[in-house]
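Below you'll find the structure, written out as structure tokens, and then a few comments.
A note on names: the letters A, B, ... follow the listed sequences, proteins ahead of strands, and every chain is numbered from 1.
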Protein chains: 2
Amino acid sequence: MLWGLRPLEPKAAHGLAVDLLQRQIHSGLLLPDERLPAERQLSDQFGISRVTLREALRVLETNRYISVRRGAQGGAFVSDADRLGQMARRRIARAPAASMRVVEYLVVNQSAAARFAALRRGPADLKKMREALALMRDAPDAARRKQAETLFLLAVADSAQNPLLSRGVEDAIAELFLPFETAPEDGSVTAALAAYQALLAALEAESPGDADRAMEMVNARFWGAIRQITRSAA
Amino acid sequence: MLWGLRPLEPKAAHGLAVDLLQRQIHSGLLLPDERLPAERQLSDQFGISRVTLREALRVLETNRYISVRRGAQGGAFVSDADRLGQMARRRIARAPAASMRVVEYLVVNQSAAARFAALRRGPADLKKMREALALMRDAPDAARRKQAETLFLLAVADSAQNPLLSRGVEDAIAELFLPFETAPEDGSVTAALAAYQALLAALEAESPGDADRAMEMVNARFWGAIRQITRSAA
DNA sequence: TGCCTTTGGTCTAGTTTCCGATCCATGAAG
DNA sequence: CTTCATGGATCGGAAACTAGACCAAAGGCA
């Protein structure tokens, strides 16, 4: 017997490009106001035609993720930090339960990744984490901090050497779309740095237990961010 | 900066159909020797044309997942239990490390699902689990037992009320493709029944701790199956 | 000022994939 | 030996995608 038959939903090529770029904006890898590569170059990297890529850019522009300008110094530019932050908050406030489920999934897989990473991380993995931590420390603004945070967490997930876990963490981070900073005034920045530093130390020491506990602090920050947004929206 | 740019890989409609049917065979939901619906009916359910569906069937036939016969009582038939079992064992023996990573991911998410399910399961969820357990008990052969097992685990995952967790468990089970039974002679059947019964009891009692422990027994069986196959292949 | 270069905007022709429909071939049941 | 549900094959058209050429804007620079 066949179970749970739904109509198939083939994803068009331009839809894949939209998803990929949107995910990078959500996760913070693409910075606000950043300029994307030229259409001809980007379509080449994606392996799709320029016409198809332009369809994708049109969708992103319609959804206010980017704005496109013509001319010699033109191109497609990621929206500014204010707009992105507003979109992120709205998205969470509109369906808080959904965001909490995403965090739930993220916490489960990120914790597991941390435990495995403590046993499997290589020198290259640790190097990537240290670099991300340095970026976080020297970041001039919240957007750069979020970018470094994502880079760090993806490096941890990768070093668990489990493709499914990596994909899960990546998916959850991209799906979440947290705003850049929930409370710029308080000591959350130094607290975050301390948590990531503890995590890195645990992975360097090959201690799964410590890594798990350090990741708990990181994950607690995600819960806090969601809670704060849903409260301020009420 | 854009990170990790790879060429996009648009999935053709027939490819989606292949994946869907293959996953159902892997997870045991589609039984050996079972006959699929007629092409006209199946293409309608998938929302694709008959020509496109036939492309998918051709791929599955080439990969020995099904065989197609013409005539009044013809149709597409899932391969027999021997062939499927052999394919499953080969798949695991060829890349044991990959299968272990899948089990790893399955264990992480299935354990989490069990804990959440203990708190969130509704009467409909429990009913589905009881029905699956009855199917398992009365199953005339190993294929039916595996089918009931999958139904039970999917019901548990669903009752955790977390779409990402559900999808994760589903993906892992479909990716695993375990053979029907690793040791038909010993008491593994009654042991499995006991494990699932304990899991059901924990969920009925709304006890996350007990559910976690019961799921551990279930997951231990998955590890055992992988271990046995990789040992016998060596 | 006026050209040059880089970039997005537009158009056309051709290919691939998919669809809808029709008709043919097979083979078991009655 | 007829019936008929099923797979097998073919055709015309629609939609998505590609490749390439050319136009239009706008900043930089002599």
Side-chain angles (χ1 to χ4, degrees), chain A residues 1-2 5-21 25 30-31 33-80, chain B residues 1-2 5-22 25 30 33-80:
Chain A
M1 188 65 184
L2 274 170
L5 280 197
R6 311 154 271 179
L8 301 176
E9 299 177 357
K11 196 101 190 183
H14 71 263
L16 295 179
V18 169
D19 285 351
L20 194 150
L21 293 171
I25 294 175
L30 271 173
L31 294 168
D33 302 312
E34 182 171 352
R35 181 180 132 175
L36 299 184
E39 290 181 356
R40 291 166 176 84
Q41 187 184 340
L42 201 49
S43 65
D44 198 52
Q45 288 177 327
F46 282 167
I48 62 180
S49 77
R50 203 179 140 212
V51 180
T52 305
L53 172 71
R54 283 171 54 70
E55 282 186 76
L57 294 182
R58 190 72 62 191
V59 172
L60 290 169
E61 196 178 21
T62 302
N63 295 341
R64 311 281 181 181
Y65 279 97
I66 63 172
S67 62
V68 179
R69 294 197 284 278
R70 304 208 286 189
Q73 296 304 311
F77 293 82
V78 177
S79 295
D80 58 72
Chain B
M1 189 67 182
L2 273 170
L5 280 196
R6 308 156 274 180
L8 301 176
E9 299 177 357
K11 197 102 189 185
H14 70 263
L16 296 179
V18 169
D19 285 351
L20 194 150
L21 293 170
Q22 214 173 39
I25 294 175
L30 272 173
D33 302 312
E34 182 172 350
R35 183 182 131 175
L36 299 184
E39 289 181 356
R40 291 166 176 83
Q41 188 184 337
L42 201 49
S43 66
D44 198 51
Q45 290 176 326
F46 282 166
I48 62 179
S49 78
R50 205 182 139 212
V51 183
T52 305
L53 173 70
R54 293 181 95 263
E55 283 186 77
L57 295 182
R58 190 74 61 194
V59 172
L60 290 169
E61 196 179 22
T62 302
N63 294 343
R64 309 285 181 178
Y65 279 97
I66 63 173
S67 59
V68 179
R69 294 198 284 277
R70 302 209 288 188
Q73 296 303 310
F77 295 82
V78 177
S79 295
D80 59 70

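To the nearest 0.5 Å, the span separating CG on A:Leu53 from CG on A:Leu42 amounts to 5.0 Å. Here CG of B:Leu8 is found 10.5 Å from CD of A:Gln45. Values are rounded to the nearest 0.5 Å.
Sequence order on DNA chain C of the closest nucleotides to A:Arg35 and B:Gly15 puts A:Arg35 first from the 5' end.
A straight line from CD of B:Glu39 to P of C:dG20 spans 16 Å, rounded to a whole angstrom. Taking atom CG of residue B:Leu16 and atom C1' of nucleotide C:dC18, one finds them 13 Å apart after rounding to whole Å. Put simply, NE2 on B:His14 is 14 Å from P on C:dT16, counting in whole angstrom units. Atom-to-atom, CZ of B:Arg69 to P of C:dA29 comes out at 12 Å; the value is rounded to the nearest Å. Regarding B:Leu53, its CG atom lies at a distance of 17 Å from the P atom of C:dT17, rounded to whole Å.
Applying the side chain to side chain contact (heavy atoms under 4.5 Å, CB included) rule to A:Asp44 yields no partners; only residues at least two apart in sequence or on another chain are considered. In this view, B:Ser43 satisfies the side chain to side chain donor-acceptor pair (under 3.5 Å) rule with no residue, not counting sequence neighbours. Listed by chain and number, the residues in a ring-ring contact (aromatic ring centres under 6.0 Å, His included) with B:Phe46 amount to none (sequence neighbours excluded). Take A:Val68 and apply the side chain to side chain contact (heavy atoms under 4.5 Å, CB included) test, not counting sequence neighbours, and it matches A:Glu61, A:Ile66, A:Ala76. Looking at residues two or more places apart in sequence or on another chain, you find no side chain to side chain contact (heavy atoms under 4.5 Å, CB included) involving B:Arg70. Under the side chain to side chain contact (heavy atoms under 4.5 Å, CB included) criterion, B:Arg54 pairs with B:Glu39, B:Arg50, B:Arg58, sequence neighbours left out. Taking B:Ser67 as the reference, nothing meets the side chain to side chain donor-acceptor pair (under 3.5 Å) condition, with sequence neighbours excluded.
What you find for B:Leu30 and B:Val78 is that their closest heavy atoms are CB-CG2, 4.4 Å. Closest heavy-atom contact between A:Arg64 and A:Ser79: O-OG, 2.7 Å.
Contact check, B:Thr52 against C:dT17: no side-chain N or O comes under 4.0 Å of OP1 or OP2.
Relative to the axis of its first five pairs, the axis of the last five pairs of the helix from C:dT1-D:dA30 to C:dG30-D:dC1 sits at 0°, rounded to 10 degrees.
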Residues 11-19 of chain A side chain polar contacts: donor-acceptor under 3.5 Å, at least two apart:
from: A:Lys11; atom 1: NZ; to: A:Asp19; atom 2: OD2; distance (Å): 3.2

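Listed by residue number, the members of residues 41-48 of chain A with any heavy atom below 4.0 angstrom from DNA chain D are A:Gly47, A:Ile48. Against DNA chain C, the stretch residues 54-62 of chain A makes heavy-atom approaches under 4.0 Å through A:Arg54.
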- Query: Quick one: what's the B/S/- string for nucleotides 20-30 of chain D, heavy-atom cutoff under 4.0 Å, read 5' to 3'?
  - Reply: -BB-SBBS---
